[in-house]
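Working notes, structure below.
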Amino acid sequence: MESVDLLYKGIYILVIFGITLLIATYSTYFERKIAAFIQDRVGPNRAGPAGLLQPLADAGKLFFKEDFIPAKSSKALFIIGPGIAMLVATMSSAVIPFGDMLIVGGRELFLQAIEVNIGVLYIFGVVSLGVYGLMIGGWASNNKFSLLGAIRAASQNISYELAMGLSLIAVLMLSGSLSLRDIAEQQAGFNWNIWYQPLGFIIFLVCAFAETNRTPFDLPESEAELIGGYHTEYGSMKLGMYLFAEYINIFVVSAVMATLYFGAYNFPFMAELQVWLTNVTESAVTANNIVTLLGVGVMFLKIFLFIFFFMWVRWTLPRFRYDQLMKLGWQILIPLAILNIILTGGGILLKDYLF
Amino acid sequence: MSESLFFFLASLTLLCALMVVISKNPVHSVLFLIITFFTISGHYILLNAQFLAAVNIIVYAGAIMVLFLFVIMFLNMSKESEKEVKTSTLSKIAGTIAGGLLFVVMIAALKDTEIAGYNAETYDSQIGMVESLGVVLFTEYLLPFELASVLFLVAMVGAVMLGKKETGEQHF
C-alpha cells in the first residue's frame, strides 16, 4: 500500500472514531431530551444554550468523582472490564461503508476504513465479543448482584446471537457476498433489502435491542431487581465507559441495520441525479463527489432515525421478564428466522424458475 | 515483516497457552484461553485464511468461551468453602519427569521431519477465501460436509433430551 493511501486511511479511521464518540456523547443528551418530550417535561436546559453542554458537564462530573475499587475484588479485571466494553464497541465501525467513493486529484478514496471480504463475519465476531466487558466487570466486582447481571448478559447475548445470525443468512443469500461494500452497492437507488427481507429485518431489529442491552431487554442492568446489574460496584469514569459503550453500540448497530437493510448510502433517483449533475456541471468527477457526499448525509440520516427509534422504544415499552425474554429468543425468533431462510431460498429459486 | 509478526504471534500464543495451565484462578485461565484463540486467529490471517480466522473468533472466542466463563463463574460463587488443592511432592516429581520425557520424544520425532514446502508459482493465494472454501465444501467434500451437519443435529437432539423436564420435576 502506498504511503499516501496509508495516510488517508489513518486520517479516515481517526475521523470515524471521532464521529462515533461525538454521536455517542450527544446520544446521551438526546436520550434525555426525547425522554423529557415523551414524558411532557423540559429536560436538561441549564448547561449552555438548550442544555447542549450537558454531556460535557456529565463527563466532567464523572471524571472528578472518586475512582473506587471495592475490596476483595479482582483489581486488574475490574479495571479491564470497562476497557474491553469500550474497545469492542469502537472496533466494529471499521468495516461499515459510510459512503461510496470520492475522487480527489484523480485518486479514488473509498469512504470505508477497511474493505474485507468477510465484513459481515467481522461485525458478527465483534458483536459476539461485546459480552466479555460486561461479564468480566460483573464477575470482578465480587458482588452477587453484579454477578447475576453478568450472567444474565451472557445468556441473553448468546441466545439472541443465534437468531441474529440466522436472520443475516437470508440477506447473505440474496447478496451472495460477505462484503459490506458489495451489499451496499447492490442496493443502488431504491432497491433496498428491506423490500425483500421485511421479516428478517424485524428479527434483526429485535436481536439488536437485545445485543445492545436496551429496554425492553435491559435485564442485565434492571435496577428494580439487581440494583444496577453488572455495573453496581462501578463509579466515576469506569461507569461512564460502560454507559458510553452502550451508546456506541447503538450507533454501530444502527449503522449496520442501515447498511444491510436500508440501502446504506443509496437514496432514490441517485443515478438520475448523477447524470443530471454531470450535464449541469460538465464534470463527472464533481457530480460523483456531490452525489457521494449526499449519500454520506443520507447514511447518517438513516443512522439517526434508528438511534431515535431506539430511544423512542426505551420510553415506550416496559421491560420483559427473564423467562419471557428467553422464550421470545428461542421459541419465536429462531423458528421465525429459519422460516425466513426457507422463504428466501424458495423465493430465489422461484425467481430463477419464472424469469 | 510477516516473519517477525509470525514470531511475535507464535511466542504470544505459547505464553498465553502456558498461562492457561499455570494460572491459579480458573477465570484467569479462561481469559488466557480466549487470548490464545485470538492469537491463533492472527496466524490464520497471516496464512490468508480470513474466513477461518473470523469463524474461529465467532465460534470459539464468541460463543464457546462465553459459556465456559459462564459455568466457571457459577462454580466460583462458593469460593470460601473450596479448599486449596494440594499436590504431593511425589506427584510433582513424577509429573516433571513424564512431561520432560514427552518433550524429548516430541523433539526426537519432529527433528527429522520435512516441512512440506509450496511452489511459489503454482500457489493460489485465494485458497483460504470464502468463495473458494464454499466451492470446495459443496463439490469435493459435499458428503463429509452433510454428514457433519447430521452429526450436529444428533448432538442438538441429545442436548434437548438431556435438558428436558422429567415428569413431576419442578421447574421455575
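All values below come from the heavy atoms of this structure, side chains included, with hydrogens, waters and symmetry mates left out. Small disclaimer: the values here were computed from a predicted structure and weren't measured.
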The interface call for L121(A) against chain B, heavy-atom contacts under 4.5 Å, is both
Q50(B) and I118(A) have their tightest heavy-atom pair at O-CD1, 3.6 Å
* To do: Take N157(A) and V66(B) through the side chain to side chain contact (heavy atoms under 4.5 Å, CB included) test and state the conclusion after the steps.
  => CA-CA 10 Å; N157(A) 278 38; V66(B) 171; over 6 Å; no
CD1 of I84(A) to CD1 of I34(B), rounded to nearest 0.5 Å, is 8.0 Å
F68(B) atom CZ: more than 12 heavy-atom contacts under 6.0 Å:
no
**Message:** Within a 6.0 Å radius of atom CZ on F37(B), are there more than 12 heavy atoms belonging to other residues, nucleotides or ligands?
**Reply:** yes
- Greater than 12 external heavy atoms within 6.0 Å of L90(B)'s CG: no
ask   = Would you say F70(B) has more than 12 foreign heavy atoms packed within less than 6.0 Å of its CZ?
value = yes
For L129(A) and A61(B) the tightest heavy-atom approach is CD2-CB, 4.1 Å
When the 4.5 angstrom heavy-atom criterion is applied to S177(A) and chain B, the contacting part is neither
Does a side-chain heavy-atom distance below 4.5 Å link L77(A) with L31(B)? yes
Minimal heavy-atom distance between Y132(A) and M65(B), with the atoms involved, is OH-CB, 3.2 Å
